[in-house]
Amino acid sequence: MNAAAIELAETPTSVQILQKILDTARECVLVVDANMRIANCNVPAAVAFGRDGLEIEGMRLSEVIRDLDLHEAFRTAVTTHAASDVRLELTRVGNRRFDVHVAPIELDGVTHSIGFFYETTQIDRLESIRQEFLSNISHELRTPLTSILAFVETLEDGGIDDKENNLRFLEVIRRNAERMHSLIADILELSLIESGNVSVEMREVRLAVAVQDVVAALSAKTATRNITLKNEVPDGVVISADIVRLEQMLTNLIDNAIKFNREGGTVTVSFDQADGKDTIRVADTGEGILPEHIDRIFERFYRTDRARSREIGGTGLGLAIVKHLAKLHGGEVSVNSILGQGTTFSIVLPSLAA
């Protein structure tokens with residue numbers, strides 16, 4: 001073989017060069033020929049679109065991705081040399097979403113089409129969360145604000161001279177202002193926690209004493225609804241926690257158990273230790289939570305019964321705060337509920353003995 005032939009043999013083709021480029025890309029990339037078969041792909045595309053480990057190169061595009069708009073975009077790129085953009089949603093691979101840019105490309109003198117799949121699943125999810133948060137926060141602030149403005153107008157229109165009702169009007173204004181204050185405080189608190197600007201100062205805490213302090217602080221609420229609060233944590237129990245954040249978690253869970261309990265029901269706080277874990281349980285005797293709500297119960301503003309939740313108060317952020325504070329402690333929070341019997345929230349923390 002002469003030198004020219006050797007040099008020619010060593011010269012990579014445009015297909016080989018393209019494949020090397022594709023292998024460096026993080027996005028999924030597919031190259032499709034005029035017969036709508038996949039000529040080249042990179043590893044991310046093979047993982048995302050392949051089934052059961054099958055090689056997708058050489059397969060028809062319709063066998064790999066069933067989407068008419070996508071097929072038309074690849075066909076148009078080959079036949080008319082026009083680029084286009086497509087929105088793709090794949091339910092088969094876990095509801096993944098992509099913005100796809102498809103354009104013509106010449107490979108060794110033959111026209112192909114190349115598609116770049118930019119995954120937007122996470123961005124779309126965050127945008128959905130943002131929109132839901134804004135919708136919820138505007139509603140939660142509008143409700144008490146509307147009440148405040150209505151009663152202020154009533155006082156301005158002569159209600160201030162109504163000796164029988166003016167103090168009641170002011171009480172309604174104060175109560176709704178406190179509701180707005182609590183909501184804003186919880187939003188700021190949750191924002192600080194989620195941004196990593198809150199730290200925990202771990203030290204030994206006598207759990208029974210901490211629980212009793214929270215029980216005493218909530219005694220007025222239990223008396224109003226005739227709820228019995230039981231502290232069944234043994235006196236000698238010592239755990240590792242940030243006392244302020246621990247009391248915050250306990251307050252949110254116990255207050256929640258009081259609100260959603262039956263009239264005359266019971267709230268029980270207990271403790272057990274196993275496998276190097278300390279578990280604090282807050283159990284109520286309420287109606288329980290429907291199974292479809294369990295997975296979302298710790299989301300911001302998520303309520304299983306919106307009408308009742310607004311009636312009895314609360315910001316809808318308490319359980320989300322508990323979840324994040326438990327993580328800061330290196331632990332987690334979970335829920336177990338039986339309809340008609342009650343609900344138990346469990347805070348699981350690393351044990352001192354671990």
Side-chain angles (χ1 to χ4, degrees), residues 10-136 194-196 292 295-296 298-302 320 327:
E10 292 178 348
T11 302
T13 65
S14 57
V15 173
Q16 291 171 329
I17 294 173
L18 175 64
Q19 187 62 54
K20 290 181 179 295
I21 295 173
L22 296 188
D23 290 339
T24 67
R26 292 187 302 174
E27 292 80 14
C28 300
V29 185
L30 293 179
V31 178
V32 176
D33 63 21
N35 295 318
M36 290 297 103
R37 291 187 178 276
I38 298 172
N40 299 83
C41 73
N42 61 354
V43 173
V47 172
F49 308 134
R51 301 184 185 184
D52 302 322
L54 293 177
E55 280 285 338
I56 63 174
E57 288 190 8
M59 295 179 65
R60 294 189 64 81
L61 180 61
S62 59
E63 295 178 298
V64 178
I65 304 174
R66 296 179 179 177
D67 187 275
L68 292 177
D69 291 336
L70 183 69
H71 296 171
E72 185 60 29
F74 275 98
R75 189 178 301 280
T76 299
V78 172
T79 57
T80 69
H81 296 81
S84 59
D85 295 295
V86 178
R87 183 71 169 157
L88 176 66
E89 182 172 355
L90 296 179
T91 57
R92 179 180 59 82
V93 288
N95 289 321
R96 296 176 69 178
R97 298 176 180 179
F98 299 87
D99 282 337
V100 188
H101 180 70
V102 182
I105 184 172
E106 292 288 331
L107 298 175
D108 297 331
V110 180
T111 302
H112 291 67
S113 53
I114 184 169
F116 296 87
F117 294 72
Y118 304 96
E119 185 163 6
T120 62
T121 308
Q122 181 71 358
I123 295 174
D124 291 343
R125 188 184 71 83
L126 292 174
E127 176 61 18
S128 176
I129 291 173
R130 185 190 70 83
Q131 291 179 356
E132 185 177 1
F133 174 78
L134 291 176
S135 175
N136 281 324
E194 290 182 336
S195 64
E292 57 263 34
D295 290 340
R296 300 190 61 190
F298 294 103
E299 293 180 12
R300 293 176 295 182
F301 293 114
Y302 189 78
K327 286 185 177 179

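Model, not experiment: these values are computed from the prediction.
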Taking every non-hydrogen atom, the tightest pair across Pro104 and Ala77: CB-O, 3.2 Å
Measuring from His101:NE2 to Asp85:CG, what's the distance to the nearest 0.5 Å? 6.0 Å
Asn40 side chain vs Val31 backbone, donor-acceptor pair below 3.5 Å: no
Look at atom CG of Asp295 and say whether more than 12 heavy atoms of other residues, nucleotides or ligands are closer to it than 6.0 Å. no
So does Ile21 get a backbone contact from the side chain of Thr24, meaning a donor-acceptor N/O pair under 3.5 Å? yes
Taking atom CZ of Arg26 as the centre, does the number of heavy atoms from other residues, nucleotides or ligands within less than 6.0 Å exceed 12? no
What heavy-atom pair brings Val86 and Leu70 nearest, and what distance separates the two atoms? CG1-N, 4.1 Å
With rounding to the nearest 0.5 angstrom, report the OG to CD1 distance, Ser62 to Ile38. 9.0 Å
Min side-chain heavy-atom separation Val78-His112 under 4.5 Å: no
CA sep, side-chain torsions, deciding dist, call: Ile65, Phe98, side-chain contact (heavy atoms from CB on, under 4.5 Å): CA-CA 12 Å; Ile65 304 174; Phe98 299 87; over 6 Å; no
Side-chain touch Val102/Val32, heavy atoms, less than 4.5 angstrom: no
Can you see which heavy atom on Ala46 is nearest to which on Cys41, and at what distance? CB-SG, 4.2 Å
So do Leu30 and Phe49 actually touch side chain to side chain, heavy atoms under 4.5 Å? yes
Sub-3.5 Å donor-acceptor pair from the side chain of Asn35 to the main-chain atoms of Arg37, do we have one? no
Take Glu63 and Arg60 through the test salt bridge (Lys or Arg N to Asp or Glu O under 4.0 Å) and record every step on the way to the result. CA-CA 5 Å; Glu63 295 178 298; Arg60 294 189 64 81; 5.8 Å; no
Do Thr121 and Asn95 touch side chain to side chain, with heavy atoms closer than 4.5 Å? no
Any side-chain heavy-atom pair from Arg87 and Arg97 closer than 4.5 angstrom? yes
Separation between OG1 (Thr79) and CD (Glu72), nearest 0.5 Å, reads 7.5 Å
As an exercise, state the distance from CZ of Arg296 to CD of Glu292, rounded to the nearest 0.5 Å. 11.5 Å
Is there a donor-acceptor contact under 3.5 Å from the side chain of Ser128 to the main chain of Asp124? no
As an exercise, state the distance from CG of Leu61 to CG of Asp33, rounded to the nearest 0.5 Å. 10.0 Å
Any side-chain heavy atom of Ile123 sitting closer than 4.5 Å to one from Tyr118? no
Of all heavy-atom pairs linking Ile114 and Phe74, the shortest is C-CE2, 4.0 Å
Shortest non-hydrogen contact between Glu299 and Ala320, atoms and distance: C-CB, 4.4 Å
Is the closest side-chain heavy-atom distance between His71 and Met36 below 4.5 Å? no
